[in-house]
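This report refers to the structure that appears directly beneath it.
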Amino acid sequence: MKKLLLPIILFSSYISAQAPAGYYNGTTGLTGYALKSKIHDIISERNINWNYDNLQALYNQTDLDIYYDHDASNTTLLLDMYSEIPSGPDAYEYTTAQIISGAGAEGLGYNREHAVPQSTFNSNYPMYSDLHFVIPTDARINQLRNNYPYGIGNSTVHYTFSNSSKIANSAIPNYAYTNRVYEPINEFKGDIARMLLYFVARYEDKLPSFNYFTNINPAIDRSPLDGTAERAFDPEYIAMLIQWHNQDAVSQREIDRNNAIYSIQNNRNPFIDNPQWVNAIWGQSPDAVAPQAPSNLTVSQTGAYFANLSWSASSSSDVIGYNIYQNGTFLKSTKSTTISIDHLTPSTTYNYTVKAYDNGYLNSPDSNVASASTLNSDSFAKDLIISKYLEGTADNKAIEITNRTGHPVNLSDYRLSIQAYGNNNYYFPAPFEMEGVIQNNESFVIVNPNSNFSCFTISQAKFATAAPQMAFDGSRYLELRYKSATVDAIGVKNQSNSSTLANVSLYRKNTVNQPNLTFTINEWDSYPSDYCQNIGGTLSTIDPVASNKEFKIYPNPVNENLFVDGNEIENIKTAQIIDFSGKLIYTEKAPFKNKKNISVQNLPLGMYLLNLDGKIYQFIKR
């Protein structure tokens, strides 16, 4: 098929449809893995994640073939990189309606192909339906590609396809892997390289937990991921991707697809917008000198279930992160010089050391040893807690989760799971994985992107997803998990909960400060379908009780004096301060007869309730 020359008007449209002003703020002057991490922060912020089933229709916006032999005004045919023949007529073409599950030959239908095999991330959301690397391809080629990596094939060819792409044994230069690879045609090698590089930037924090090494024999290990968050790929494999990227420049098709996906997912492929970043990140030459050790490792705070560590940075300039060891065993990595270690056991002593690592992944010597002894008990929650469950009309579905643990929580190991029923069995579809950090005394919202609530917008939610977890119908058991362990639950497992969860909004009572593995309806206040008040953000106020009087409290958090403003505050009869165990801390009669504030300077740090004649407000003492 012959390439179309795009009209000037279309090219002008491209020029005005690039990343919006400010999208890549903060990247100026950065290179190496620091640039990659900043890109990750940008392209991971407030994405809209659709259901895998939505992709079929969305391909009509992202993947129509207007670039080789079809007119942009009337084509309904997909561009399939696995079968496209740029120099002549294609052997076959598909519309989005021709989706199938499998095929015994080419040309029978297409699949939704994960350029990074879904076995890498166990088919979990949001990766499972990310349009930037899930593409329409011929079903037979997709089936034979299996989860083999892309690569350069040698003369041992197993399959040659209609556009001359092939599956052959690997000939990737200097690479230990010699098993099968799928080699696309030259026309699309850069496209595929930039998809893979997007994936390792977008999911940087999750890469170490993905299935990156499936066999102890590197000759047959199919995953080119190396288990690192920064470099991401084996060095020989990244060298091949850089070569593909440099030899096959960004095309108009990629630019248009990137813009279309941005309008759907609210994020972009940065290596299409800024091709020079590929070499700026991965073109560095690490030295062979191990970095200097970090020093002054100290335990700054402990609770019953957590310990906060801090240390002085290594003096070496090429350090990109720190490895933390608990009782001599590797625990986790961080780019910071502070970290919260959670899910500890009360009344237990732990010994910690830290090593710096550089951009060549050389480790420093150990820091000093710091011992942390957890408390027998504390006033904090032992884990995150589901604080609101909103089940409303159509797609009005939302979950609020609150951190009252006393420390920041990294969400990378947390997921939301929901139980479904089919084939006479209850089962759990692939979960929705979270990411980022939630601060102590903050709440965040997970919402269905098709929802239309009155009290907040989709852009205010931390996560917007149409994954099965946010398409619940008000009868299914739902749980918050840390890794594979249940943390908190709504509903009862292995049964319909329609009498409890349908057409209702549940708000956790403010006296409930701990998650519960067993759903207890007495812990919740029940409101009508679509009820929506005070969702997300820093904990400040709770739902108003019935009253005609409205008050404002400030500042929140507060250090010394908590001020109250509003109509007729001088008529308030009693002010009470209550902690989250329900203990009455302070009472004052006619508190605002001659002033507008209550002194809280003697309160211990923490979260409290202010009761003003039955009207309750939350505040934080810091």
Side-chain angles (χ1 to χ4, degrees), residues 32-33 36 81-82 113-121 133 137 141-142 144-161 164-201 203-204 206-248 271 275 277-288 320 357-362:
Y33 299 136
K36 177 170 172 281
M81 290 188 289
Y82 288 10
E113 160 77 308
H114 293 82
V116 177
Q118 56 183 295
S119 58
T120 304
F121 46 84
F133 76 96
T137 66
I141 303 176
N142 176 38
L144 292 173
R145 186 223 163 183
N146 201 317
N147 63 353
Y148 296 119
Y150 297 104
I152 300 169
N154 65 14
S155 58
T156 304
V157 178
H158 301 280
Y159 301 95
T160 300
F161 302 110
S164 77
S165 64
K166 63 184 180 181
I167 292 176
N169 286 356
S170 174
I172 300 171
N174 306 311
Y175 198 30
Y177 176 79
T178 56
N179 201 2
R180 299 183 183 193
V181 297
Y182 172 72
E183 182 173 359
I185 62 174
N186 291 338
E187 180 84 6
F188 299 115
K189 284 180 176 175
D191 305 52
I192 287 172
R194 287 179 282 274
M195 286 182 182
L196 301 189
L197 296 175
Y198 159 84
F199 179 88
V200 297
Y203 299 106
E204 179 178 89
K206 291 186 174 294
L207 293 179
S209 67
F210 286 163
N211 299 319
Y212 59 89
F213 194 75
T214 57
N215 195 292
I216 60 173
N217 183 351
I220 61 175
D221 172 33
R222 298 183 183 184
S223 175
L225 295 177
D226 68 355
T228 66
E230 300 87 4
R231 185 177 63 202
F233 290 111
D234 295 323
E236 301 84 359
Y237 198 82
I238 193 68
M240 182 197 74
L241 294 181
I242 292 173
Q243 181 184 29
W244 285 9
H245 166 73
N246 290 333
Q247 290 178 349
D248 175 25
F271 306 113
W277 282 351
V278 172
N279 290 290
I281 293 170
W282 284 283
Q284 56 194 313
S285 298
D287 61 33
I320 60 173
Y357 62 92
D358 62 17
N359 56 15
Y361 290 95
L362 298 177

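This is a predicted model, so every value here is computed, not measured.
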Checklist entry - With no hydrogens and no angle check, is any side-chain donor or acceptor of Lys36 less than 3.5 Å from a backbone partner on Trp277? => result no
Next on the checklist: Using only atom types and a distance under 3.5 Å, with no angle test, would you say the side chain of His245 pairs donor to acceptor with the backbone of Pro275?
Outcome noted: yes
Checklist entry - Heavy atoms, side chains only, cut-off 4.5 Å: are Arg180 and His158 in contact? => result yes
Checklist entry - Can you check whether Gly283's main-chain N or O pairs, donor with acceptor, with Asn279's side chain at less than 3.5 Å? => result no
Checklist outcome for this item: d(Lys206 NZ, Phe199 CZ) to nearest 0.5 Å is 10.5 Å
Item to check | Donor-acceptor under 3.5 Å (Arg145 side chain, Ala115 main chain) | outcome: yes
Next on the checklist: Nearest 0.5 angstrom please: Met81 CE to Phe188 CZ, how far?
Outcome noted: 7.0 Å
Item to check | Residue pair Phe210 / Val116, side-chain heavy-atom distance below 4.5 Å | outcome: no
Checklist entry - Do the rings of Phe133 and Tyr198 sit parallel, tilted or perpendicular, given the 30° and 60° boundaries? => result tilted
Checklist entry - If you measure from OH on Tyr212 to CG on Leu207, what distance do you get to the nearest 0.5 Å? => result 10.5 Å
Next on the checklist: Which residue is it: Tyr361, Trp282, Tyr33? I am looking for the one with a side-chain hydrogen bond (donor to acceptor under 3.5 Å, both in side chains) to Glu230.
Outcome noted: Tyr361
Next on the checklist: Restricting to non-hydrogen atoms, name the atom on Pro149 and the atom on Tyr177 that form the minimum distance, rounded to 0.1 Å.
Outcome noted: CD-OH, 3.5 Å
Checklist outcome for this item: So CG of Asn211 and CD of Gln118: to nearest 0.5 Å the spacing works out to 12.0 Å
Item to check | Side chain to side chain, Leu225 and Val200, heavy atoms closer than 4.5 Å | outcome: yes
Item to check | Heavy-atom side-chain proximity of Asp191 to Asp248 below 4.5 angstrom | outcome: yes
Item to check | Approximate separation, where rounding is to 0.5 Å, of Lys166 NZ and Asn154 CG | outcome: 7.5 Å
Checklist entry - What is the minimum heavy-atom distance between Pro184 and Ser165, and which atoms define it? => result CA-CB, 4.0 Å
Item to check | Arg222 vs Asn146 side-chain heavy atoms within contact, under 4.5 Å | outcome: yes
Next on the checklist: For a quick test of reading the model, state the closest non-hydrogen atom pair linking Asn147 to Pro117 and the distance between them.
Outcome noted: CB-CB, 3.6 Å
Checklist entry - Is the centre of the Tyr82 ring less than 6.0 Å from the centre of the Tyr182 ring? => result yes
Checklist entry - Atom CZ of Phe271 and atom CZ of Arg194: how far apart are they, to the nearest 0.5 Å? => result 11.0 Å
Side-chain donor/acceptor pairs under 3.5 Å, residues 231-243, sequence neighbours excluded:
from, atom 1, to, atom 2, distance (Å)
Arg231, NE, Asp226, OD2, 2.8
Arg231, NE, Phe233, O, 3.4
Arg231, NH2, Asp226, OD2, 2.9
Asp234, OD2, Tyr175, OH, 2.6
Tyr237, OH, Tyr150, N, 3.4
Tyr237, OH, Tyr150, O, 2.7

